*Asks:* 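Below is the structure I would like to discuss, written out as structure tokens.
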Amino acid sequence: MDQCIKGRSALTPEDRDWTHRAIRILEADGRRSADTHLVKPDFPGLRGIDIYFKDESTHPTGSLKHRLARSLFLYGICNGRIRENTLLVEASSGSTAVSEAYFARLLGLSFVAVMTRSTSQQKIEAIERFGGRCHFVDHAREVYGAAQAIADEADGYYLDQFTHAERATDWRGNNNIAESIFRQMSGEFHAVPEWVVMSAGTGGTSATLGRFIRYRNLDTRLCVVDVEGSAFYEAWQSGDMNITATGSRIEGIGRPRVEPSFIPTVIDEMIRIPDEASIAAAHVLSDRLFRRVGGSTGTNFMGVLCMASLMRQQGRSGSLVTLICDSGDRYATSYYNEAWLREQKLDIGGWRARIERFLDTGEGSLL
């Protein structure tokens, strides 16, 4: 009888041992930070319309990207791409890299974040505090090639959030952001939201939300808000996924190209929010929550107010849900700095007054 020929295993026994330990570490972190609060502020002018914020800033690394980073690490490990001593590289505007640096340190791996020089100093310091190294480029469009080149040179692994975000997350459930929102909403008066509003960075979170809504056969609709200098809105409107743009001033969202994780077919509505409105909304919400929120949360909030304005025009009641993506403390030198706002020629006073009036009296359309 011919002897069976044993092929080369993709993983050595040492690789397997390390993989088992790494997955246990990541799963333990998931149990410790399994859920975040659903916050419901009171806005006197919007009686009959309840607004909720899923507060992702309470994750151990301070942002929504904590969930994504864990998923990207599991995706790389389970595909056999991340092993002991693998150098990890990411292209990021900051928050994803902060979370990835945290997980790299948990697993004893080296990490390099490629970002533009305009990234907030607070994010850079957080990445370095977790042991990561920052590599800077001048323009947002340069981050992809630089990250891949660094990974290739060191025989490392490019985590590539912009490609892998939508596939690394289990959109059917498994305590993803969508499942968590709808589980927490189940006991509320308007348990099934009229709209979920989310901004797009990688596009992965909006893809997860849109897919989950359809998978669960819910009446909720998904509105994705985009910002100035981003390619997503024009691409969704025109159907041309090759559109490019200059890049966004609102860190973490908006991209100069349409990222592979952006899934336009799961989106019911898109709105482009002016940067002045995003930052004004962040200031207003910060005052009413008694703590600062980031610029992307301001974009989300402005999108929610646009949909609330539409619901009032239609005479509809119901609930709206969006996310607090990260803390505004990371933007003390930009969105909350008067000198920076003047330098950028951003005057948020007019938008702030309109938002305050709408929240307090319900008067004035924000569409």
Side-chain angles (χ1 to χ4, degrees), residues 34-39 50-57 59 63-72 75 95-96 161-186 188 190-227 230 232-233 235-236 252-255 258-273 296-297 299-308 310 318-326:
D35 221 339
T36 55
H37 294 165
L38 194 64
V39 181
D50 298 329
I51 295 176
Y52 297 83
F53 295 87
K54 179 73 166 161
D55 189 1
E56 294 291 282
S57 71
H59 280 296
S63 83
L64 163 70
K65 300 300 186 179
H66 193 86
R67 293 180 192 264
L68 172 60
R70 187 192 304 117
S71 294
L72 289 169
Y75 182 79
S95 287
T96 302
Q161 59 168 323
F162 299 110
T163 297
H164 297 147
E166 59 88 11
R167 65 192 68 168
T169 302
D170 183 357
W171 51 268
R172 296 174 185 83
N174 194 24
N175 196 39
N176 68 34
I177 186 72
E179 183 180 54
S180 179
I181 287 171
F182 284 93
R183 183 176 63 248
Q184 289 176 312
M185 284 294 298
S186 64
E188 299 299 314
H190 299 291
V192 178
E194 290 281 309
W195 292 91
V196 173
V197 179
M198 184 59 204
S199 48
T202 64
T205 301
S206 61
T208 297
L209 289 165
R211 288 165 164 172
F212 184 88
I213 288 166
R214 284 157 177 72
Y215 179 62
R216 291 296 177 92
N217 201 26
L218 299 167
D219 291 330
T220 302
R221 287 166 290 173
L222 173 65
C223 174
V224 172
V225 282
D226 201 20
V227 290
S230 173
F232 291 133
Y233 178 77
W236 182 80
I253 58 174
R255 299 299 305 165
V258 181
E259 304 297 350
S261 287
F262 180 71
I263 311 296
T265 49
V266 303
I267 299 169
D268 297 294
E269 184 63 74
M270 279 198 78
I271 303 172
R272 174 176 282 164
I273 306 295
S296 58
T297 301
T299 305
N300 290 348
F301 185 36
M302 192 65 205
V304 163
L305 297 182
C306 288
M307 303 319 293
L310 177 64
S319 59
L320 296 157
V321 182
T322 191
L323 275 63
I324 296 175
C325 299
D326 63 0

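Sequential numbering from 1 along the given sequence is applied to the chain's residues. This one's a predicted model, so the numbers in the text were calculated from it and none came from an experiment. The analysis underlying the following values was restricted to heavy atoms, covering all of them including side chains, and did not include hydrogens, waters or symmetry mates.
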*Asks:* Are the side chain of Arg214 and the backbone N or O of Gly210 linked by a donor-acceptor pair below 3.5 Å?
*Replies:*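 It does hold such a pair.
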*Asks:* For Ser230, what residues pass the side chain to side chain donor-acceptor pair (under 3.5 Å) criterion, not counting sequence neighbours?
*Replies:*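 With neighbours one apart ignored, the set is Asp226.
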*Asks:* Tell me every residue that passes ring pair (Phe, Tyr, Trp, His ring centres under 6.0 Å) with Tyr75, counting only those two or more places apart in sequence or in another chain.
*Replies:*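 By the ring pair (Phe, Tyr, Trp, His ring centres under 6.0 Å) rule, Tyr75 matches His164.
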*Asks:* Do the side chains of Arg211 and Asp170 get close enough for a salt bridge, i.e. N-O under 4.0 angstrom?
*Replies:*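 Judged by the 4.0 Å cut-off on N to carboxylate O distance, Arg211 and Asp170 do not form a salt bridge.
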*Asks:* Taking only residues two or more places apart in sequence or in another chain, which ones pass ring pair (Phe, Tyr, Trp, His ring centres under 6.0 Å) with Tyr233?
*Replies:*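 Expected list: none.
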*Asks:* Who passes side-chain contact (heavy atoms from CB on, under 4.5 Å) against His37, sequence neighbours left out?
*Replies:*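 Here the qualifying residues are Val39.
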*Asks:* Please give me the minimum heavy-atom distance between Ser319 and Pro193, naming the atom from each residue.
*Replies:*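 Closest approach of Ser319 to Pro193, heavy atoms only: OG-CA, 3.1 Å.
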*Asks:* Which residue pairs pass the side-chain hydrogen bond (donor to acceptor under 3.5 Å, both in side chains) test when at least one of the two sits in residues 200-210, sequence neighbours left out?
*Replies:*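 Of all non-adjacent pairs touching residues 200-210, none passes side-chain hydrogen bond (donor to acceptor under 3.5 Å, both in side chains).
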*Asks:* Kindly write out the residues that satisfy side chain to side chain donor-acceptor pair (under 3.5 Å) with Asp50, not counting sequence neighbours, or none if the list is empty.
*Replies:*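 Applying side chain to side chain donor-acceptor pair (under 3.5 Å) to Asp50 gives none.
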*Asks:* Could you state the interatomic distance from CZ (Phe182) to CD1 (Ile213), rounded to the nearest 0.5 Å?
*Replies:*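 Reported value, rounded in 0.5 Å steps: 4.5 Å.
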*Asks:* Can you measure from OG (Ser63) to CD1 (Ile324) and round to the nearest 0.5 angstrom?
*Replies:*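 Rounded to the nearest 0.5 Å, the OG-CD1 separation comes out at 12.5 Å.
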*Asks:* For residues Phe53 and Thr322, determine if any side-chain heavy atom of one lies less than 4.5 Å from a side-chain heavy atom of the other.
*Replies:*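 In contact.
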*Asks:* If the condition is side chain to side chain donor-acceptor pair (under 3.5 Å), which residues does Asn300 pass it with, not counting sequence neighbours?
*Replies:*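 With sequence neighbours excluded, Asn300 shows a side chain to side chain donor-acceptor pair (under 3.5 Å) to Ser199, given in chain and number order.
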*Asks:* Only counting residues at least two apart or in another chain, list the ones meeting salt bridge (charged side-chain N to carboxylate O under 4.0 Å, His left out) with Arg221.
*Replies:*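 For Arg221, the residues satisfying salt bridge (charged side-chain N to carboxylate O under 4.0 Å, His left out) (neighbours in sequence not counted) are Glu194.
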*Asks:* Has Asp268 got a side-chain atom pairing as donor or acceptor with Cys223's backbone, closer than 3.5 angstrom?
*Replies:*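 Answer holds: no.
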*Asks:* Could you give the distance from CZ (Arg67) to OG1 (Thr96), rounded to the nearest 0.5 Å?
*Replies:*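 Nearest 0.5 Å value for the CZ-OG1 distance: 14.0 Å.
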*Asks:* Checking Ser71 side chain against Thr169 main chain: does a donor-acceptor pair fall under 3.5 Å?
*Replies:*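 Looks like no, no N/O pair under 3.5 Å.
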*Asks:* If the condition is side-chain contact (heavy atoms from CB on, under 4.5 Å), which residues does Val192 pass it with, not counting sequence neighbours?
*Replies:*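 Counting only residues at least two positions away or on another chain, Val192 forms a side-chain contact (heavy atoms from CB on, under 4.5 Å) with Thr220.
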*Asks:* Carefully, step by step, assess Ile253 and Val225 under the rule side-chain contact (heavy atoms from CB on, under 4.5 Å).
*Replies:* CA-CA 9 Å; Ile253 58 174; Val225 282; over 6 Å; no
*Asks:* Is it true that Gln184 and Tyr52 share a donor-acceptor pair across their side chains at a distance under 3.5 Å?
*Replies:*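 Looking only at side-chain atoms, Gln184 and Tyr52 do not form any donor-acceptor pair under 3.5 Å.
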*Asks:* Could you tell me which non-hydrogen atom of Trp171 sits nearest to which non-hydrogen atom of Phe212, and how far apart they are?
*Replies:*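 Result for this residue pair: O-CD1, 3.3 Å.
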*Asks:* Looking only at non-hydrogen atoms, find the nearest pair between Asp55 and Ser57 and report the distance.
*Replies:*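 That closest heavy-atom pairing would be OD1-OG, 2.6 Å.
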*Asks:* Taking all non-hydrogen atoms of both residues into account, name the closest pair between Val321 and Met185 and its distance.
*Replies:*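 Distance-wise, the nearest heavy atoms are CG2-SD, 4.0 Å.
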*Asks:* Considering non-hydrogen atoms only, spot the tightest contact between Val227 and Gly254 and give its length.
*Replies:*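 Distance-wise, the nearest heavy atoms are CG2-CA, 3.8 Å.
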*Asks:* Listed by chain and number, what are the side chain to side chain donor-acceptor pair (under 3.5 Å) partners of Glu259, not counting sequence neighbours?
*Replies:*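 Checked Glu259 against side chain to side chain donor-acceptor pair (under 3.5 Å); matches are Tyr144, Arg255, Arg257.
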*Asks:* A side-chain contact here means heavy atoms from C-beta on lying under 4.5 Å apart; do Leu305 and Ile51 qualify?
*Replies:*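 Counting from C-beta outward, Leu305 and Ile51 do come under 4.5 Å.
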*Asks:* Tell me which donor-acceptor pairs under 3.5 Å the side chains of residues 260-267 have, and how far apart each pair is, sequence neighbours excluded?
*Replies:*
residue, atom, partner, partner atom, Å
Ser261, OG, Phe162, O, 3.1
Ser261, OG, Thr163, O, 3.1
Ser261, OG, Ala165, N, 3.2
Ser261, OG, Glu166, N, 3.1

*Asks:* CG of Leu68 to CG of Leu64: how many Å apart, nearest 0.5 Å?
*Replies:*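 Separation between the atoms: 7.5 Å.
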*Asks:* Out of curiosity, Thr297 OG1 to Met302 CE, how far, rounded to the nearest 0.5 Å?
*Replies:*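 Thr297 atom OG1 to Met302 atom CE measures 15.0 Å (nearest 0.5 Å).
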*Asks:* Look up atom SG in Cys325 and atom NZ in Lys54, then write down how far apart they are to the nearest 0.5 Å.
*Replies:*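 Between Cys325 SG and Lys54 NZ, I get 13.0 Å after rounding to 0.5 Å.
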